[in-house]
Structures are given as C-alpha cells and as structure tokens.
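Reviewing the structure listed below.
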Amino acid sequence: MPRGFYDRSTEIVAQELLGKALLRKNGNHWMGGWIVETEAYLSSDDPSSHSHRGPTRSNASMFDHAGTLYVYPIHAKYCLNAVTEQKGKGSAVLIRAIEPVWGIERMIARRGLTDRRRLTRGPAMLCQALDVDRGLDGADLVGGSEITITGGQSSPEMTSSCRIGISRAQDLPLRFFIDGNWFVSGRSSDHRRRPCKPIRRS
DNA sequence: ACAACGATACCCT
DNA sequence: GGGTATCGTTGTT
C-alpha cells in the first residue's frame, strides 16, 4: 500500500487493513496471508498505547512516519504494528491475526505445529510464523523488500469490539476483525459486537 | 543493580 | 475462566 494509505486516521487504517495481504520475504518467495484482525492504538487520550508516555529508545519507530513497521517485545515474544498518521504522532495499528495463505509449509516449520488455525491466530503467533523480531523494527512497509502490505480482498464484512489484553482504556471499541473469520483470535464470544468494559474508578 | 510489569500463549478445569 | 512461564523495558534504589 502507498504511504498515503497509512497517513490517515488510525481507526480508519485499522479497519481498511482488514482483507489486505501481509507479506514477509522468505528467500526467493513470500509468505503471509490476509489480515483478519487489527487494533488501533492512538496518539492521545489512549493510556494503553505504548506512545502514551512519549518517545523512548524502544518505542521510537512508533513516532516515525506513516508506513513504518513497529515491532515490540512482550512476554519473551514479539508483536508487529503499522505506524499511522504524521511523523511524531505516535499512533499505530496492531495486526493481531492473519489467515495463512502463502508459504504455509514454511510457517508450519517455524511454528512447530501443523494445525493451520493456530499458525497465525494471535499477534505473537503470526510474528513467529513470519520470522519477525526486533531486527525488523523500523523497517518501511511501503515498497518493503523484507516485509510489506499489499491490496487484497474487497470490503470484507467487518465488526468491532474492545481491545484484548489491556488494563486501561478498556471502554474504547478499537478492535476490528472480519466477522466470522476462522482465524480471528480470542474466544468465539468475543467474535461478536458487545459492550466494552467501563473504566474502573479508583 | 534490582524489582515490577506487560498490546501473550499455553495448559488446566 | 484462571494460573503462569518467560524476558525486554522501565522505574526505583
């Protein structure tokens, strides 16, 4: 996708990434699949965003220009984001799940399991399957030679819910996924629109 | 130098 | 629905 695709409202980018192809170079071939689940992390008023306390050494790429890849470590694993909006804003879209399509055998080998549903069904699982770690942090997704996102399926049926695994700003409906897709993470009860938890008062 | 904390995933009931 | 392994980052001595 061109730079301008990412240089827009983070919530719009998160929704429009659904159905696009996430591709990772593997030798002379590409592996990857359709993006089926995303979450928006905003530049302001979003205490669960890594950018909330301003730039640091580790989140620097989140403040780079739109279309930059932001890879961060968590619980000895990695997750990947596409940076959105203008340089310096600190907003991004977390890609939480893809539907595996290309290079499935290679992904099976990297994950060490054969169940296709479990190959890339979660942000850390898809990073392991696609051989993404901090070495790719800061890469450019626009015309990227190692990892990129291209056009794909047209207007999939999308729905939203609250985000997964966070302790703050749980009321914001910033998770987007393709309705009914088998490769969306979480429980099936989360695969439906439902009210988000209210912010807990202290 | 050290302790606490996750945008997780796996295993259990 | 809950407990926890595991480790980079950050904030605190």
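Since the structure is predicted, the reported quantities are computational estimates derived from the model, not experimental observations. Within every chain, numbering begins at 1; the chains are lettered A, B, ... in the order of the sequence lines, protein sequences first and strands thereafter.
Across all strands shown, nothing is found opposite C:dT6 as a Watson-Crick or G-U wobble partner with both distances under 3.5 Å. Checking B:dA7 for Watson-Crick or G-U wobble geometry (two distances, each under 3.5 Å) identifies no partner in any strand.
Rounded to a whole Å, the OH atom of A:Y78 is 16 Å from the C1' atom of B:dA9. Distance OH (A:Y70) to C1' (B:dA7): 9 Å, rounded to an integer number of Å. Taking atom CG of A:D133 as the reference point, atom C1' of B:dT8 lies 16 Å away to the nearest angstrom. Rounded to whole Å, the distance from CD1 on A:I95 to C1' on B:dT8 is 17 Å. Taking atom CG of A:L69 as the reference point, atom C1' of B:dA7 lies 15 Å away to the nearest angstrom. Separating the CD1 atom of A:I74 from the P atom of B:dA4 is a distance of 18 Å, rounded to the nearest angstrom. The CG atom of A:N81 sits 17 Å away from the P atom of B:dG6 (whole-angstrom rounding). Atom C1' of nucleotide B:dC5 and atom CZ of A:R168 are separated by 10 Å, given to the nearest angstrom.
Ring stacking is absent between A:Y72 and B:dA7, as the pair misses the limits of under 5.5 Å between centres and under 30 degrees between planes.
Phosphate proximity of B:dC10 to A:R111: present, with a side-chain N or O under 4.0 Å from OP1 or OP2. OP1 and OP2 of C:dT9 both lie 4.0 Å or more from every side-chain N or O belonging to A:T56. Note on A:R96: a side-chain N or O is less than 4.0 Å away from OP1 or OP2 of B:dT8. A close approach under 4.0 Å does occur between a side-chain nitrogen or oxygen of A:R118 and OP1 or OP2 of B:dC10.
Ranked by how close their nearest DNA chain B nucleotide is to the 5' end, A:L113 and A:I166 are led by A:I166. Residue order along DNA chain C, read from the 5' end via each residue's closest nucleotide, puts A:K77 first among A:R53 and A:K77.
Residue A:R134 is in sugar-phosphate contact alone, with no base atom involved, counting any heavy-atom pair closer than 4.0 Å across all strands shown.
Note that the CE atom of A:M62 and the OG1 atom of A:T84 stand 7.5 Å from one another [nearest 0.5 Å]. A:Y78 OH to A:L130 CG: the interatomic distance, rounded to the nearest 0.5 Å, is 15.0 Å. For the atom pair CE (A:M158) and CD (A:E37), the distance works out to 13.0 Å, reported to the nearest 0.5 Å.
No side-chain N or O of A:D7 forms a donor-acceptor pair with one of A:Q86 less than 3.5 Å apart. A donor and an acceptor atom, one from each side chain of A:S48 and A:R168, are nowhere located under 3.5 Å apart.
Side-chain proximity of A:M125 to B:dC10, C:dG8, B:dA7: nearest is B:dC10. For A:H75, the listed nucleotide lying nearest its side chain is C:dT6; candidates were B:dA7, C:dT6, C:dT9. Closest to the A:S58 side chain, of the nucleotides B:dA7, C:dT9, B:dA9, is C:dT9. Closest to the A:A76 side chain, of the nucleotides C:dC7, C:dG8, B:dA7, is C:dC7.
Shown here is A:R8, whose CZ atom has more than 12 heavy atoms of other residues, nucleotides or ligands within 6.0 Å.
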